[in-house]
Amino acid sequence: MQDYNKYQDIDKLLEKILKKSNMDLRKLFDTRLKEENLSFSAAMALLKVEHRALNGVLDATQKRHDLLMLTRLADFLQIPFNDLITELVENLEINFAYEVSTSKKEEFIRRNFNLAYLKQIGLIDDPKDLQHVEQSIVEHFGYTSIFDYEKEAVGIAYSSGKPKSKTTFEKDFWAARSAKVLSGINNFFPYDRDKLKAYIPHIRWHSMNVKKGLFQVIRDLFKLGVTVIMRPYDAKLYARGATLAVKDKPGIVLTPYSNFYPTIWFALLHELHHILFDWEEIRALTYHITGELDLFSMKETQADEFAANMLLQHTKFDQVRPHINNRTFVEEFARVNQIHPSIIYIRYCWEMQDSDKDVWAKYTPFIPKQSEAMLALPGNPWQSKVALKEIALQTQEEYFKGI
């Protein structure tokens with residue numbers, strides 16, 4: 001294992017050694033042999049004990065002992081039986097400290113981590129090798145000890161694409177990794193709600209620039225004290241995004257949960273609604289989940305409505321709906337309203353998919369892939385085993401350089 005484990009174990013050993021009594025069972029035994037003029041073999045016969053068992057007590061190299069033999073040994077050493085037991089236990093704790101520590105770590109790992117999930121996401125290779133598991137987690141998070149892992153002190157509002165709950169561990173771990181990266185990005189701008197509120201209506205016109213619009217908005221939000229990062233979509237969690245409170249400022253995590261370009265704008269504005277209207281709750285609660293367990297909750301519906309209206313108000317969408325098959329009209333309408341035409345097409349598909357089974361096939365050709373918007377964004381730094389600190393540094397350099 002690495003030095004952090006070695007030094008911790010050494011510190012614990014030194015602490016125990018400094019606190020233990022001055023009694024030395026081996027020296028005391030040798031002294032009694034001289035006083036009684038006995039050989040080691042003669043003492044063994046007197047105590048009715050074998051060589052290995054006696055040395056196991058005197059040097060604390062064995063964990064199991066015969067209580068009757070210990071009683072005879074205490075009488076021979078002329079010390080109270082309780083003092084012998086206390087000294088033996090202290091010596092065993094020192095000699096087997098690493099083994100005890102390892103046992104506690106293994107128990108902690110099994111209790112707090114879903115090892116099958118960690119293997120599935122590529123963070124560990126062998127779930128049975130708990131030393132490897134420990135080292136992988138500690139290095140990934142930058143901890144000094146595996147015991148440092150706990151729920152990160154963040155508030156989080158999940159936005160989910162499906163009403164299916166997942167295990168607490170998967171959510172916690174997803175949030176802990178996201179929070180660690182966000183906390184590693186140095187956003188020195190103060191969060192200003194009024195400025196954010198004033199900026200949000202301007203976001204939609206950036207959607208017209210497929211290749212660079214999202215990148216520019218992420219940088220603009222950074223100056224308002226809101227840090228936005230991208231990370232790969234976890235199909236097991238169904239999280240399209242999340243809003244977190246890190247260092248008392250908002251952080252947003254977006255995932256490419258859909259192949260369609262307009263969905264990234266919808267997800268971003270959805271999370272910004274959480275910041276504007278649920279911020280105090282997110283700050284106060286360690287985990288504020290919206291969407292994962294109850295997709296149709298009041299707050300999620302409000303956030304969806306907010307996102308849709310910020311992109312295109314319902315009254316304006318009603319104006320363009322009858323002309324959906326007139327591509328020239330749709331494109332001009334989108335230009336006048338400062339949005340990308342695909343926002344109109346995908347919204348129409350969402351509303352009509354239950355009544356028109358062919359609607360997606362008809363209009364998907366007019367909807368760019370989300371990957372086109374990612375071209376201006378940095379490459380994916382979220383390789384499974386990269387330290388989160390390195391991901392934060394790379395994101396800071398590539399997203400926010402020069403700000």
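Below, each value reflects all heavy atoms present in this structure, side chains not excepted, and no hydrogens, waters or symmetry copies.
Residues Asn112 and Phe169 have side chains not in contact (no heavy-atom distance under 4.5 Å, counting atoms from C-beta outward). Proximity of Tyr348 to Lys362: side-chain heavy atoms (C-beta onward) are nowhere separated by under 4.5 Å. Side-chain atoms of Phe173 and Leu118, non-hydrogen and from C-beta on, do get closer than 4.5 Å to each other. In this structure the side chain of Pro341 never reaches within 4.5 angstrom of the side chain of Phe366, judged on heavy atoms. Annotation: side chain of Leu25 is in contact with side chain of Leu84 (closest heavy-atom distance under 4.5 Å). Within the 4.5 Å cutoff, no side-chain heavy atoms of Gln131 are placed close to those of Val133. Residues Leu268 and Ile264 are not in side-chain contact: their nearest non-hydrogen atoms beyond the backbone lie 4.5 Å or more apart. The shortest distance between side-chain heavy atoms of Leu224 and Tyr191 does not fall below 4.5 Å.
Neither side chain, Glu332 nor His323, offers a donor N or O lying under 3.5 Å from an acceptor on the other. No side-chain N or O of Gln394 forms a donor-acceptor pair with one of Glu390 less than 3.5 Å apart.
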Checklist entry - So Asp125 and Lys119, salt bridge (Lys or Arg N to Asp or Glu O under 4.0 Å) or not? Walk me through it. => result CA-CA 6 Å; Asp125 297 321; Lys119 186 177 189 302; over 6 Å; no
Checklist entry - Would Leu54 and Leu73 count as a side-chain contact (heavy atoms from CB on, under 4.5 Å) if you check the C-alpha gap in whole Å, the side-chain angles of each, and the deciding distance to 0.1 Å? => result CA-CA 9 Å; Leu54 181 56; Leu73 178 60; 4.3 Å; yes
Next on the checklist: Could you walk me through whether Glu305 and His314 satisfy the side chain to side chain donor-acceptor pair (under 3.5 Å) test, starting with their C-alpha distance in whole Å, then the side-chain angles of each, then the deciding distance to 0.1 Å, before giving a yes or no?
Outcome noted: CA-CA 9 Å; Glu305 288 289 326; His314 290 300; 2.9 Å; yes
Checklist entry - Run the side-chain contact (heavy atoms from CB on, under 4.5 Å) check on Leu272 and Phe277 step by step: do they pass? => result CA-CA 9 Å; Leu272 289 173; Phe277 301 106; over 6 Å; no
Next on the checklist: Ile229 vs Leu254, test: side-chain contact (heavy atoms from CB on, under 4.5 Å). Steps then yes/no.
Outcome noted: CA-CA 6 Å; Ile229 63 173; Leu254 297 178; over 6 Å; no
Item to check | Derivation of the side-chain contact (heavy atoms from CB on, under 4.5 Å) call for Ile346 and Tyr261 | outcome: CA-CA 9 Å; Ile346 200 169; Tyr261 168 68; over 6 Å; no
Checklist entry - Do Arg111 and Glu107 pass the salt bridge (Lys or Arg N to Asp or Glu O under 4.0 Å) test, and can you show the C-alpha distance, the side-chain angles, and the key distance before you say yes or no? => result CA-CA 6 Å; Arg111 188 175 68 249; Glu107 179 185 357; 3.8 Å; yes
Next on the checklist: Please evaluate residues Arg283 and Glu280 with respect to the criterion salt bridge (Lys or Arg N to Asp or Glu O under 4.0 Å), reporting the C-alpha separation (whole Å), side-chain torsions for both, the decisive distance (0.1 Å), and the verdict.
Outcome noted: CA-CA 5 Å; Arg283 290 176 63 197; Glu280 291 305 318; 3.2 Å; yes
Next on the checklist: Show, in sequence, the C-alpha distance, side-chain angles and deciding distance for Asp75 and Arg32, and conclude whether the salt bridge (Lys or Arg N to Asp or Glu O under 4.0 Å) test is met.
Outcome noted: CA-CA 11 Å; Asp75 291 339; Arg32 290 291 297 134; over 6 Å; no
Checklist entry - Could you go step by step and tell me if Asn55 and His51 meet the side chain to side chain donor-acceptor pair (under 3.5 Å) rule? => result CA-CA 6 Å; Asn55 282 330; His51 186 275; 3.1 Å; yes
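A ring-centre distance under 6.0 Å is not found for Phe108 and Tyr149. Between Phe266 and Trp350, a ring centre-to-centre spacing shorter than 6.0 Å is recorded. Checked against the 6.0 Å centroid threshold, Phe260 and Trp265 do not count as a close aromatic pair. Taking the six-membered ring for Trp and the full ring otherwise, His270 and Phe306 have centroids separated by 6.0 Å or more. Less than 6.0 angstrom separates the ring centroid of Phe76 from the ring centroid of Phe29.
By the 4.0 Å N-to-carboxylate-O rule, Asp318 lies close enough to Arg321 to be salt-bridged with it.
Without hydrogens or angle criteria, Arg72 side chain to Leu47 main chain gives a donor-acceptor distance under 3.5 Å. Panel note: side chain Ser207, backbone His340; a donor-acceptor pair is recorded below 3.5 Å. Between the Asp148 side chain and the Thr144 main chain, a donor and an acceptor come within less than 3.5 Å of each other. When atom types are taken as modelled, the side chain of Thr227 and the backbone of Leu182 share no donor-acceptor pair closer than 3.5 angstrom. A distance-only check finds no donor-acceptor pair linking the side chain of Asp358 to the backbone of Ala361 [under 3.5 Å]. The closest donor-acceptor contact from the side chain of Asn337 to the backbone of Ile339 lies at 3.5 Å or more, if one exists at all. With hydrogens and angles ignored, the 3.5 Å screen pairs no side-chain donor or acceptor of His206 with any backbone N or O of Gln216. Within the 3.5 Å criterion, the main-chain N or O of Ser183 finds a donor-acceptor partner in the side chain of Lys247. Between the side chain of Asn91 and the main chain of Leu88, no donor-acceptor pair closer than 3.5 Å is present. Under a 3.5 Å cut-off, the side chain of Thr263 and the backbone N or O of Asn259 do not form any donor-acceptor pair.
More than 12 non-hydrogen atoms from other residues, nucleotides or ligands lie less than 6.0 angstrom from CD of Gln353. Heavy atoms from other residues, nucleotides or ligands lying under 6.0 Å from NZ of Lys385 number more than 12.
The OG1 atom of Thr243 sits 3.5 Å away from the CD atom of Glu271 when rounded to the nearest 0.5 Å. The CG atom of Asp172 lies 11.5 Å from the CG atom of Asn114; values are rounded to the nearest 0.5 Å. One finds the CD1 atom of Ile391 at 5.5 Å from the NE2 atom of His140 (value rounded to the nearest 0.5 Å). Distance check, rounded to the nearest 0.5 Å: OH of Tyr345 to CZ of Arg327 gives 6.0 Å. Residue Trp174 holds its CH2 atom at 4.0 Å from OG of Ser178, rounded to the nearest 0.5 Å. If you take OG on Ser342 and CD on Glu331, they are separated by 10.5 Å, rounding to the nearest 0.5 Å.
For the pair Arg347 and Phe317, the distance from NZ or CZ to the six-membered ring centre is under 6.0 Å and the angle to the ring normal is within 45 degrees. Because its NZ or CZ atom is not both nearer than 6.0 Å to the ring centre of Phe141 and within 45° of the ring axis, Arg177 does not count as a cation-pi partner of that residue.
Using cut-offs of 30° and 60° for the angle between ring planes, the Phe333 and Phe329 rings count as parallel. Using cut-offs of 30° and 60° for the angle between ring planes, the Phe215 and Tyr399 rings count as perpendicular.
Nearest heavy atoms, Met310 versus Leu269: CB-CD1, 3.9 Å.
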